[in-house]
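Contents: one structure, followed by commentary.
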Amino acid sequence: MTDVLVCVKRVPDASGEVVLTEAGDSVDGRYAGYTMSAHEECALEIAVGIAGESDGEVTVLSLGEEDCVEQLRAAVAVGAHAAVRIDALADAFGPGDVAAAIASAVREKEAGGASYDLVLLGNDAADTGDHQVGIRLAHLLERPVVAGALTVTVAEGRAEVRADTATGTEVYELPLPAVATVLEGGVQPRYPSISGRMRAKKTPIEVLEPGVEPRGNGRLGLRVLPPPDSQVEVLGQGEGAAARLAQVLRELGVVR
Amino acid sequence: MSVLVLVETEVAGQGEPGLSVVAEETLTFARGLPGDAVDAVLVGHVGLPSERVLAQCREHGVRTLFVSTDAQLERYAARAWARVVDAGLQGSGAAYLIGGGTPRGNEVLAHVASFHDVPMAANVVQIVQSDPLEVERQVVGGAVLERIGLGGELAVASVAGHAVAPVPSAEPTQTQVEQVAVQLTPADLAAQVRRSEVREAGDTSALTGASVVVGVGRGVGGADRFTAAEALAERLGGAVGVSRVVTSLGWRPHHEQVGQTGSRISPDLYLACGISGAIQHWAGCASSRTIIAINTDDEAPMVTKAQYAVIGDMHEVLPALLEELG
Ligand SMILES: Cc1cc2nc3c(=O)[nH]c(=O)nc-3n(C[C@H](O)[C@H](O)[C@H](O)COP(=O)(O)OP(=O)(O)OC[C@H]3O[C@@H](n4cnc5c(N)ncnc54)[C@H](O)[C@@H]3O)c2cc1C
């Protein structure tokens with residue numbers, strides 16, 4: 001039985017235009033909406049697969065205010081069994097603080113009888129892109145960690161983690177309990193079923209205190225990069241532009 | 001007060017390993033930090049650094065290059081590599097630790113930051129002010145810049161790819177090589193690569209190192225419709241890169257994806273065909289020298305951000321272009 005904890009983050013959906021709040025200190029997702037980081041959708045998919053093979057359970061955890069319940073329920077709808085929210089103002093928490101709060105939650109849950117053979121997180125969050133929460137968490141929990149996992153499988157108390165490199169795949173084998181941070185691309189997240197959605201509505205969300213005084217990440221301000229002035233030279237329309245396009249490629253020196 | 005740079009190497013063709021382009025960018029960035037010297041630490045090579053690495057270090061003004069020849073480090077283990085970096089920190093007494101914003105760079109630096117419980121800023125693009133240190137870094141896939149203060153005894157930061165152009169130092173040095181000894185524990189080696197499987201087709205190093213990339217997006221219309229784009233990549237001696245929609249639809253493998261959650265590329269030419277140019281895609285191709293968009297929509301962001309554009313159906317434009325090129 002492999003029990004997996006998956007940490008997910010509520011992030012502004014930035015696939016369209018990015019707008020800052022009036023104070024200019026955070027991204028305003030009120031119009032575009034919020035979502036779960038893409039890497040974490042894959043982490044969740046991996047967790048549901050691993051737990052499903054061994055009758056284990058998936059617990060999903062998010063640090064944030066009341067509204068991140070939306071992402072927790074979305075996770076339950078695709079197969080997580082239980083959901084935990086660490087009640088905190090996510091923006092006030094730097095990556096070290098988030099790791100410490102998750103570590104404190106893991107200890108609290110494990111003291112109460114739970115045990116997480118594997119903790120999965122996204123490699124980096126879609127908004128802050130810090131690349132360190134999973135690794136800091138592993139240090140705090142004194143567990144081995146691999147970053148950038150595309151797939152994770154578990155057999156005989158060990159996890160096999162596969163990660164991509166420029167030229168191929170690197171394979172790790174870790175003793176459990178362990179931590180891995182997941183990159184999008186190794187698995188295809190599933191869609192919620194109707195029964196999953198029903199279950200998600202009814203699943204209670206456990207609320208924990210962060211147990212950490214946040215130090216923040218040192219943010220002094222944000223600015224959205226202005227769009228570059230369009231300097232585009234339109235070479236033409238359709239196939240009629242091919243001759244001019246070929247000429248430009250020759251001028252650029254890229255035609256061999 | 002000095003700066004320590006974690007440098008990565010790469011083997012180009014059959015030659016000796018040399019510093020990666022990212023390492024040279026990072027050394028260039030490091031020289032802009034306050035401090036009286038730049039030292040470097042090289043991890044993962046069993047044996048002493050190649051003559052080429054040393055020449056590059058001299059060129060970049062590196063005072064001391066810390067290396068470890070421990071055979072246990074041959075296969076990658078982020079935490080063990082971080083121990084070597086830590087030994088380099090002790091040797092140099094650096095106040096700043098900088099590395100490339102690569103998967104290895106970010107992972108190893110995060111371990112070092114964890115050892116010391118100090119902050120780490122990933123994907124820094126520029127220094128705003130030196131005293132106290134303030135930097136700007138990319139967040140939200142590069143759409144937003146975050147200004148943060150990095151005070152304290154040790155500041156750890158990774159530098160986003162192509163944030164600075166690599167330039168040699170005005171004052172080359174005689175680089176000293178210093179071997180560091182590390183006591184690795186089983187915990188340091190618990191997460192170590194067991195084996196590597198080399199991909200037969202579609203080597204991503206071909207994509208990230210290509211001088212021409214033919215980008216293909218959802219506009220291609222199907223997994224079986226890549227023939228012209230592939231033929232053009234072949235004709236130009238380049239590689240095919242794709243958008244995330246293309247990989248999520250299963251039309252092409254993930255290692256071909258360009259963008260925030262894919263590869264970052266910087267070819268001489270990026271020819272983006274049927275790609276809208278969403279910010280997360282842009283994050284991966286923005287540092288291409290020239291961008292040409294082929295798109296049916298003259299208002300697609302990729303068109304307005306490109307230097308050149310052809311408005312039209314890629315399935316008409318690419319075959320006609322191939323014919324022109326002969
Ligand atoms: C957290 C996160 C991470 C992401 N990471 C990445 C990433 O790494 N890489 C990435 O690419 N995206 C990424 N995305 C997705 C990104 O937001 C866009 O959805 C994606 O890039 C769009 O792909 P596309 O341009 O191929 O498709 P679309 O947006 O659908 O655009 C298709 C384009 O093709 C044009 N077109 C249609 N038919 C033709 C034709 N016959 N000939 C020529 N043009 C035609 C259309 O006008 C349109 O401009 C990420 C998103 C999120 C939220």
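Chain A is the first sequence line, chain B the second, and so forth, proteins listed ahead of strands; every chain is numbered from 1. Remember, predicted model here, so these are calculated numbers, not experimental data.
Heavy-atom pairs under 4.5 Å with chain A peak, among B:Ala306, B:Gly151, B:Pro267, B:Ala293, at B:Ala306. In terms of heavy-atom pairs under 4.5 Å with chain A, the best-connected choice from B:Pro301, B:Ala122, B:Pro253, B:Ala191 is B:Ala191. When the candidates A:Leu222, A:Leu220, A:Asn123 are compared by the number of heavy-atom contacts under 4.5 Å with chain B, A:Leu220 comes out ahead. Ranked by heavy-atom pairs shorter than 4.5 Å toward chain B, the options A:Asp127, A:Val255, A:Leu140 are led by A:Asp127. Residue with the most contacts toward chain B among A:Gly186, A:Gly96, A:Ala163, A:Gly218: A:Gly218 (heavy-atom pairs, distance under 4.5 Å). Of the listed residues (A:Gln132, A:Gln231, A:Arg223), the one with the most heavy-atom contacts under 4.5 Å to chain B is A:Arg223. Ranked by heavy-atom pairs shorter than 4.5 Å toward chain A, the options B:Val118, B:Leu318, B:Asp313 are led by B:Val118. If you tally non-hydrogen atom pairs under 4.5 Å between each of B:His254, B:Arg147, B:His281, B:Glu134 and chain A, the highest count goes to B:Arg147. Heavy-atom pairs under 4.5 Å with chain A were tallied for B:Leu271, B:Asp268, B:Thr290, B:Thr247; the largest tally goes to B:Thr290. Between chain A and the options B:Ala143, B:Ala278, B:Gly312, the largest number of non-hydrogen pairs under 4.5 Å is found for B:Ala143. Ranked by non-hydrogen atom pairs under 4.5 Å with chain B, the options A:Val254, A:Val161, A:Ile135, A:Leu20 are led by A:Ile135. With respect to chain B, the highest number of heavy-atom pairs below 4.5 Å among A:Gly129, A:Ala147, A:Gly148 belongs to A:Ala147.
Of all heavy-atom pairs spanning A:Gly134 and A:Val145, the tightest one is O-CG2, 4.1 Å. In plain terms, the two heavy atoms of B:Val108 and B:Ala78 that are nearest each other are CG2-O, 4.1 Å.
Contacts of A:Glu184 with chain B are made by both backbone and side-chain atoms, with heavy-atom separations under 4.5 Å. Contact annotation for B:Asp298: neither backbone nor side-chain heavy atoms come within less than 4.5 Å of a heavy atom of chain A. Interface remark: B:Glu316 contributes backbone and side-chain atoms alike to the contact with chain A (heavy atom separation under 4.5 Å). With a 4.5 angstrom heavy-atom cutoff, B:Asn123 touches chain A only via side-chain atoms. Within the 4.5 angstrom heavy-atom criterion, only side-chain atoms of A:Val248, from C-beta onward, approach chain B. Proximity to chain A is limited to the backbone of B:Gln192, based on heavy atoms less than 4.5 angstrom apart. Heavy atoms of A:Val18 lying under 4.5 Å from chain B belong exclusively to its side chain. Both the backbone and the side chain of B:Leu321 have a heavy atom closer than 4.5 Å to some heavy atom of chain A. Proximity to chain A (any heavy atom under 4.5 Å) is shown, for B:Glu323, by neither the backbone nor the side chain. Contact annotation for B:Val212: only side-chain heavy atoms (C-beta onward) come within less than 4.5 Å of a heavy atom of chain A. Contact annotation for A:Val234: both backbone and side-chain heavy atoms come within less than 4.5 Å of a heavy atom of chain B. Within the 4.5 angstrom heavy-atom criterion, no atom of B:Leu322 approaches chain A. Contacts between B:Arg75 and chain A at a heavy-atom distance below 4.5 Å are absent for every atom of the residue. Only the side chain of A:Arg250 comes within contact range of chain B, judged by heavy atoms closer than 4.5 Å. Contacts of A:Asn217 with chain B are made by both backbone and side-chain atoms, with heavy-atom separations under 4.5 Å. Residue B:Ile294 touches chain A through its side chain alone, counting heavy-atom pairs closer than 4.5 Å. Neither the backbone nor the side chain of A:Leu183 comes within contact range of chain B; no heavy atom of the residue lies under 4.5 Å from a heavy atom of that chain. For A:Leu249, the part lying near chain B is the side chain, with the backbone staying farther off; criterion is any non-hydrogen pair under 4.5 Å. Of the atoms belonging to A:His131, heavy atoms from both backbone and side chain fall under 4.5 Å from chain B. Residue B:Pro119 touches chain A through its backbone alone, counting heavy-atom pairs closer than 4.5 Å.
Listed for the B:Arg218 side chain is no donor-acceptor partner under 3.5 Å among the backbone atoms of B:Ser276. Within the 3.5 Å criterion, the main-chain N or O of A:Gly216 finds a donor-acceptor partner in the side chain of A:Asp97. At least one donor-acceptor pair under 3.5 Å links the side chain of A:Thr165 to the backbone N or O of A:Gly168. A donor-acceptor contact shorter than 3.5 Å links the side chain of A:Arg219 to the backbone of A:Asp25. A side-chain donor-acceptor contact under 3.5 Å links B:Thr185 to the backbone of B:Asp188. The main-chain N or O of A:Gly29 is found under 3.5 Å from a side-chain atom of A:Tyr34 such that the two form a donor-acceptor pair. Under the 3.5 Å distance criterion, the side-chain polar atoms of B:Arg194 are left unmatched by any main-chain donor or acceptor of A:Val171.
Checked for salt-bridge contact, B:Arg195 and A:Glu170 miss the test: no charged N lies under 4.0 Å from a carboxylate O. A:Asp130 and A:Lys9 are not joined by a salt bridge, as no carboxylate oxygen comes within less than 4.0 angstrom of a charged side-chain nitrogen. Ionic pairing of A:Arg162 and A:Glu160 is present here: one or more N-O contacts between side-chain nitrogen and carboxylate oxygen are shorter than 4.0 angstrom. Remark: A:Arg10 engages A:Asp67 in a salt bridge, criterion side-chain N to carboxylate O under 4.0 Å.
With a 6.0 Å cutoff to the six-membered ring centre and a 45° limit on the axis angle, B:Arg104 counts as a cation-pi contact of B:Tyr76. For the pair B:Arg289 and B:Tyr270, the cation-pi criterion (under 6.0 Å, within 45° of the ring axis) is not fulfilled.
In this structure, the separation between CE on B:Met120 and OG on B:Ser158 is 5.0 Å, given to the nearest 0.5 Å.
For B:Thr102 and B:Asn106, the side-chain atoms include no donor-acceptor pair closer than 3.5 Å. Between the side chains of B:His111 and B:Asp86, not a single donor N or O lies within less than 3.5 Å of an accepting N or O.
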